S.K.: 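Pasting in a structure now, in structure tokens, and then I'll have a few things to ask.
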Amino acid sequence: MTAQIIDGKAFAATIRDKVAGHVARLKADHDIVPGLAVVLVGEDPASQVYVRSKGKQTVEVGMQSFEHKLDVDTSEADLLALVERLNGDPAVHGILVQLPLPKHLDEDLVINSIDPAKDVDGFHISNVGLLSTGQKSMVPCTPLGCLMMLRDFHGSLSGMDAVVIGRSNIVGKPMAQLLLGDSCTVTIAHSRTKDIADVVRRADIVVAAVGRPEMVPGDWIKPGATVIDVGINRIDAPEKGEGKTRLVGDVDFPSASKVAGAITPVPGGVGPMTIACLLANTVTACCRANGLEEPEGLTA
């Protein structure tokens with residue numbers, strides 16, 4: 001068996017096209033332009049690249065992009081004051097504070113200072129609680145992207161057995177809640193799970209989000225299962241030359257792709273969906289703020 005590749009890059013492009021269409025209609029019918037504000041504190045290279053990409057894609061779909069770049073030694077009071085101004089700005093429908101923050105800043109305090117209705121990352125404690133109780137919320141972007149791909153591939157997920165490997169607040173826990181919401185039977189596996197290989201082998205759907213390079217081998221995968229690999233890990237690649245690296249997921253792709261029915265690659269799988277879902281969340285937040293019908297196919 002050779003797994004079907006779930007092309008996240010191509011699927012993300014379709015999501016961005018849907019977002020652009022909704023943005024154009026909001027502008028034409030209601031004279032409203034969704035706005036996304038991104039706050040970057042410091043000069044972390046990976047964060048800078050990510051913020052640039054977010055800004056570029058925000059503009060490409062017709063939305064307003066507001067970037068706030070602060071010095072690494074910005075005080076907590078100044079950062080909270082900026083967030084409060086953005087909370088009160090009617091042109092801003094989504095607020096994202098790029099993580100990680102410098103160590104002198106309290107991430108939980110900052111995230112929970114964002115208006116939950118503008119929390120397009122879905123990290124505010126109110127959104128976490130709403131999601132866990134099956135109520136309308138802002139949904140974290142990466143799990144939302146995974147859910148969209150699974151729905152697109154399978155249609156209904158009802159009754160399927162799903163295993164989420166990893167229990168992080170950013171991916172693992174919200175992913176489990178979303179799968180429960182689609183009537184899957186869900187297990188969260190983690191570092192203390194006994195006989196984890198046997199647990200994973202039961203699953204029709206495996207979502208690997210543990211942050212360990214190629215942790216999941218092919219012999220953990222049930223034949224025909226769908227594998228969503230959230231991991232992005234950089235490892236040494238001596239075959240490419242001294243000091244060279246390459247990106248791999250949490251799943252051993254060569255062995256797993258021989259057993260699975262479908263699988264996401266790394267790179268080119270889940271990664272592109274994260275920013276696409278950030279844009280989708282911003283449109284959703286804009287519609288909710290203005291009492292308009294939510295965009296179909298862009299929410300959980």
Side-chain angles (χ1 to χ4, degrees), residues 3-23 34 36 38 40 44-63 65 67 94 96 98-99 120-123 138-154 164 166 168 170-172 174-175 178 205-211 213-214 226-235 245-251 253 256-257 260 262-285 295 297-300:
Q4 180 175 335
I5 303 300
I6 299 176
D7 187 340
K9 187 175 181 180
F11 191 60
T14 69
I15 297 298
R16 291 195 300 272
D17 286 344
K18 288 181 180 179
V19 168
H22 285 295
V23 170
L36 173 63
V38 178
L40 174 64
D44 178 79
S47 293
Q48 287 182 321
V49 170
Y50 199 40
V51 166
R52 279 198 301 271
S53 182
K54 288 172 181 174
K56 179 174 179 288
Q57 293 187 39
T58 300
V59 172
E60 286 175 349
V61 298
M63 298 197 299
S65 176
E67 291 188 8
L96 181 148
Q98 183 65 41
L99 303 179
V120 286
D121 251 344
F123 294 163
M138 298 307 301
V139 179
C141 301
T142 299
L144 178 59
C146 296
L147 182 71
M148 285 182 176
M149 290 191 290
L150 286 166
R151 285 175 172 173
D152 181 71
F153 185 78
H154 284 287
V164 179
S168 72
I170 293 174
V171 180
M175 187 75 247
L178 290 172
I205 296 169
V206 177
V207 181
V210 71
E214 300 175 321
T226 301
V227 178
I228 305 294
D229 191 350
V230 181
I232 302 177
N233 309 286
R234 191 169 292 279
I235 64 171
T245 61
R246 61 187 176 93
L247 289 177
V248 298
D250 291 349
V251 177
F253 185 87
S257 62
I263 190 170
T264 59
V266 177
V270 173
M273 288 296 296
T274 299
I275 295 181
C277 288
L278 174 67
L279 303 177
N281 276 352
T282 303
V283 173
T284 297
L298 296 182
T299 59

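Position 1 is the first residue of the sequence, and the numbers go up from there. Predicted, not measured: the structure shown is a model, and the values here were computed from it.
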S.K.: Restricting to non-hydrogen atoms, name the atom on Leu178 and the atom on Ala300 that form the minimum distance, rounded to 0.1 Å.
M.R.: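 Scanning both residues completely, I find the closest heavy atoms to be CD2-CB, 3.7 Å.
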S.K.: For a 4.5 angstrom cut-off between non-hydrogen side-chain atoms, does Phe253 reach Val248?
M.R.: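 When only atoms from C-beta onward are counted, Val248 and Phe253 do not touch, as no gap falls below 4.5 Å.
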S.K.: Which residues pass the side chain to side chain donor-acceptor pair (under 3.5 Å) test with Thr226, sequence neighbours left out?
M.R.: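 Partners of Thr226 under the side chain to side chain donor-acceptor pair (under 3.5 Å) test: His154.
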S.K.: Return all side-chain donor-acceptor pairs below 3.5 angstrom for residues 44-54, not counting sequence neighbours, or 'none' if the list is empty.
M.R.:
from	atom 1	to	atom 2	distance (Å)
Asp44	OD2	Ala46	N	3.3
Asp44	OD2	Ser47	N	2.9
Asp44	OD2	Ser47	OG	3.0
Ser53	OG	Gln57	NE2	3.3
Lys54	NZ	Gln98	OE1	2.7

S.K.: To the nearest 0.5 Å, tell me how far Leu144 CG sits from Met175 CE.
M.R.: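 The CG atom of Leu144 sits 8.5 Å away from the CE atom of Met175.
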S.K.: For a quick test of your reading: what N or O donor-acceptor pairs under 3.5 Å do the side chains of residues 3-15 make, sequence neighbours left out?
M.R.:
from	atom 1	to	atom 2	distance (Å)
Asp7	OD1	Lys9	N	3.1
Asp7	OD1	Ala10	N	3.0
Thr14	OG1	Phe11	O	2.6

S.K.: Could you work out, with salt bridge (Lys or Arg N to Asp or Glu O under 4.0 Å) as the rule, every residue matching Lys56, not counting sequence neighbours?
M.R.: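 So Lys56 forms a salt bridge (Lys or Arg N to Asp or Glu O under 4.0 Å) with Glu60.
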S.K.: Can you name the side chain to side chain donor-acceptor pair (under 3.5 Å) partners of Asp121, sequence neighbours left out?
M.R.: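 Once residues adjacent in sequence are excluded, Asp121 has no partner under the side chain to side chain donor-acceptor pair (under 3.5 Å) criterion.
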S.K.: Please answer whether the main-chain N or O of Ile275 pairs with a side-chain N or O of Arg16 as donor and acceptor at a distance below 3.5 Å.
M.R.: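 Side chain of Arg16 to backbone of Ile275: no pair is present.
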S.K.: Could you check if a side-chain atom of Val139 sits within less than 4.5 angstrom of a side-chain atom of Thr299, using non-hydrogen atoms only?
M.R.: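 The answer is no; the side chains never approach within 4.5 Å.
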S.K.: Where is the tightest heavy-atom contact between Val230 and Val171, given as atom of each residue plus distance?
M.R.: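 So the two residues come closest at CG1-CG1, 4.1 Å.
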S.K.: Would you name the heavy atoms of Pro295 and Val283 that are closest together and state the gap between them?
M.R.: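 Closest heavy-atom pair between Pro295 and Val283: CG-CG1, 3.9 Å.
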S.K.: Restricting to non-hydrogen atoms, name the atom on Ala285 and the atom on Met138 that form the minimum distance, rounded to 0.1 Å.
M.R.: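 Nearest pair, atom of Ala285 first, then Met138: CB-CE, 4.2 Å.
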S.K.: Should Ile263 and Asp229 count as side-chain neighbours, where that means a heavy-atom distance under 4.5 Å?
M.R.: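 A side-chain contact is absent here, since even the closest heavy-atom pair is not under 4.5 Å.
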S.K.: Just grab all the side chain to side chain donor-acceptor pair (under 3.5 Å) pairs involving residues 265-282, residues at least two apart or on different chains.
M.R.: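 Checked against side chain to side chain donor-acceptor pair (under 3.5 Å) - neighbours excluded - the pairs reaching residues 265-282 are Thr142-Thr274.
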S.K.: When Val207 is tested against each of Thr264, Ile228, Leu147 for side chain to side chain contact (heavy atoms under 4.5 Å, CB included), which residue passes?
M.R.: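 Considering Thr264, Ile228, Leu147, a side chain to side chain contact (heavy atoms under 4.5 Å, CB included) with Val207 is found only for Ile228.
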S.K.: With rounding to the nearest 0.5 Å, note down the distance linking CD1 in Ile205 to CG in Leu150.
M.R.: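 So the CD1 of Ile205 and the CG of Leu150 are separated by 5.0 Å.
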S.K.: Are any non-hydrogen side-chain atoms of Val270 and Cys146 less than 4.5 angstrom apart?
M.R.: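 Yes, at least one pair of side-chain atoms sits under 4.5 Å.
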S.K.: Over all heavy atoms of both residues, which pair between Gly211 and Asp250 is shortest? Give the atoms and the distance, please.
M.R.: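 Scanning both residues completely, I find the closest heavy atoms to be N-OD2, 2.9 Å.
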S.K.: Please name the pair of heavy atoms, one in Ser65 and one in Thr58, separated by the smallest distance, quoted to 0.1 Å.
M.R.: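 Closest approach of Ser65 to Thr58: CB-CG2, 3.9 Å.
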S.K.: Determine whether a donor-acceptor pair (N or O, by modelled atom type, separation under 3.5 Å) exists between the side chain of Asn233 and the backbone of Gly249.
M.R.: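 Checked: pair present.
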